[in-house]
Protein chains: 2
Amino acid sequence: MATARDTAWEEHALEMLGEAGYRRGGARTAVVEALAHHDCAVTALELEEDLRRDEAPVGRASIYRALERLEELGLLQRFEAARGIASYERVNPSGHHHHHAICRRCGRIEPFEDRSLERAIERVSAAVPFEIAEHDVTLRGLCKSCAD
Amino acid sequence: MATARDTAWEEHALEMLGEAGYRRGGARTAVVEALAHHDCAVTALELEEDLRRDEAPVGRASIYRALERLEELGLLQRFEAARGIASYERVNPSGHHHHHAICRRCGRIEPFEDRSLERAIERVSAAVPFEIAEHDVTLRGLCKSCAD
DNA sequence: ATGACTGCAAAGCCTTTGCACGCAA
DNA sequence: TTGCGTGCAAAGGCTTTGCAGTCAT
């Protein structure tokens, strides 16, 4: 579902791409703009549809390639919402983010955030023998509609 | 990597399958036994290899079908360790479990557990408008070897 | 005996790759 | 001008499905 356009992220992303030596091709720019409209989990195919609807169709391969670059640069986080399907989400430069509760039956995604959960994760991340760059928490079960 | 055989889980799983009305076919039983040897993330293809090595080869489709049943019954938890590849892990009836730190570069998986992280997750699970049945936390970054 | 279980092969599906053309710098 | 970026189509790789034979009960 599309939300208000996050131009701050969009500009930041384009700038980072430039700094990393990438050119500003039409497809890449279009994918960045499409992502700017999603606050939460979007799939590559949903972005493709968004772009086609906006009369700015982009080849599927270019979408995947753009997502790959953005993820490498830490501008996007990838995770699996539905079985076998990758979802992407913008990474806010401020570090502020949320996690997800996902319905097993209908796939509905409910984002949530919790400071103390974040603190616990930060503590654990520091304790583990890894240089942790990101984390992801997923809660799975039934949403209210599906639980009845 | 294989670890000591968890016969408690193995018996529990077979019993639950029986109670759910499933027959004790050879393939299904073999998959359950193979799973009993893994404390942490195993993929369907790794199980297939284990079984073939043990001279008890099981058709790939049967492995996937067995994993599906076990997951439905809550005896197994599925998650994505490597990109696009499903990993499975036994669910201990006691509720005791761990989470994972995964290396972006080499794929190494380091399990960890943390009581206060679990508490934070339980609290959040109760606050969200879902009937949460399971959760999963993944930390991603570079392991010591890959960070150098 | 009967329907669940199994294995093989084929099909599905998301994602990636090969390649020739177009475009940013 | 140069080689990165793009699109199309084909290939990949994990997972699922169809179907006929087999086995548990």
Side-chain angles (χ1 to χ4, degrees), chain A residues 13-35 41-52 54-73 75-88 107, chain B residues 13-35 41-52 54-73 75-88 107:
Chain A
L14 291 173
E15 187 179 357
M16 293 295 276
L17 281 166
E19 281 179 21
Y22 293 114
R23 294 185 183 173
R24 202 164 289 203
R28 194 128 72 200
T29 305
V31 170
V32 168
E33 182 184 333
L35 282 164
V42 217
T43 67
L45 269 27
E46 286 168 350
L47 288 173
E48 181 184 36
E49 199 177 284
D50 285 358
L51 291 163
R52 193 177 45 227
D54 293 355
E55 320 245 318
V58 169
R60 187 168 296 180
S62 297
I63 294 177
Y64 280 107
R65 282 189 280 237
L67 293 172
E68 189 181 2
R69 288 293 181 298
L70 292 166
E71 191 193 353
E72 281 169 11
L73 296 177
L75 295 163
L76 225 50
Q77 181 163 352
R78 176 188 178 285
F79 67 97
E80 183 186 42
R83 275 178 98 97
I85 301 179
S87 285
Y88 297 83
Chain B
L14 290 174
E15 188 180 356
M16 294 294 277
L17 282 166
E19 282 178 21
Y22 293 113
R23 293 184 180 173
R24 201 163 291 200
R28 194 127 71 201
T29 305
V31 170
V32 168
E33 183 184 334
L35 282 164
V42 217
T43 66
L45 269 27
E46 285 167 352
L47 288 173
E48 181 184 36
E49 198 177 286
D50 285 359
L51 291 163
R52 192 178 46 227
D54 293 355
E55 321 245 318
V58 169
R60 187 168 297 181
S62 298
I63 294 177
Y64 280 107
R65 283 189 280 238
L67 293 172
E68 189 180 3
R69 289 292 180 298
L70 293 166
E71 191 193 353
E72 280 169 11
L73 295 176
L75 294 163
L76 225 51
Q77 181 164 354
R78 175 190 178 286
F79 67 96
E80 184 187 42
R83 275 179 99 98
I85 301 179
S87 284
Y88 297 84

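Note that this is a predicted model, so its numbers are computed, not measured. Computed over heavy atoms, backbone and side chain alike; hydrogens, waters and symmetry mates excluded. Here is how names work: the chains are called A, B, and so on, in the same order as the sequence lines, proteins then strands, and each is numbered from 1.
Regarding A:Tyr22, its OH atom lies at a distance of 12 Å from the P atom of D:dT6, rounded to whole Å. With rounding to whole Å, B:Leu47 atom CG is found 14 Å from D:dT15 atom C1'. Between A:Arg60 atom CZ and D:dA9 atom C1' the separation is 12 Å, expressed in whole Å.
In this structure, A:Ala61 reaches the bases: a heavy-atom distance under 4.0 Å links it to at least one base atom across the strands shown.
Here the shortest heavy-atom pairing between A:Leu73 and A:Ala20 reads CD2-CB, 3.9 Å. A:Ala34 approaches A:Leu51 most closely through the heavy-atom pair CB-CD2, 4.0 Å.
A donor-acceptor pair under 3.5 Å is formed between the side chain of A:Arg28 and the backbone N or O of A:Arg23.
Distance from the side chain of B:Arg65 is smallest for C:dC8 among the nucleotides D:dT15, C:dG3, C:dC8.
Between the base of D:dG13 and the side chain of B:Arg83 there is no donor-acceptor pair shorter than 3.5 Å.
Checking the phosphate oxygens (OP1, OP2) of C:dC5, no side-chain nitrogen or oxygen of B:Ser62 falls inside 4.0 Å.
Take the nearest nucleotide of DNA chain D for B:Tyr64 and for A:Pro57: the residue whose nucleotide is more 5' is A:Pro57. Each of B:Glu68 and B:Gly26 has a nearest nucleotide on DNA chain D; the 5'-most of these lies closest to B:Glu68.
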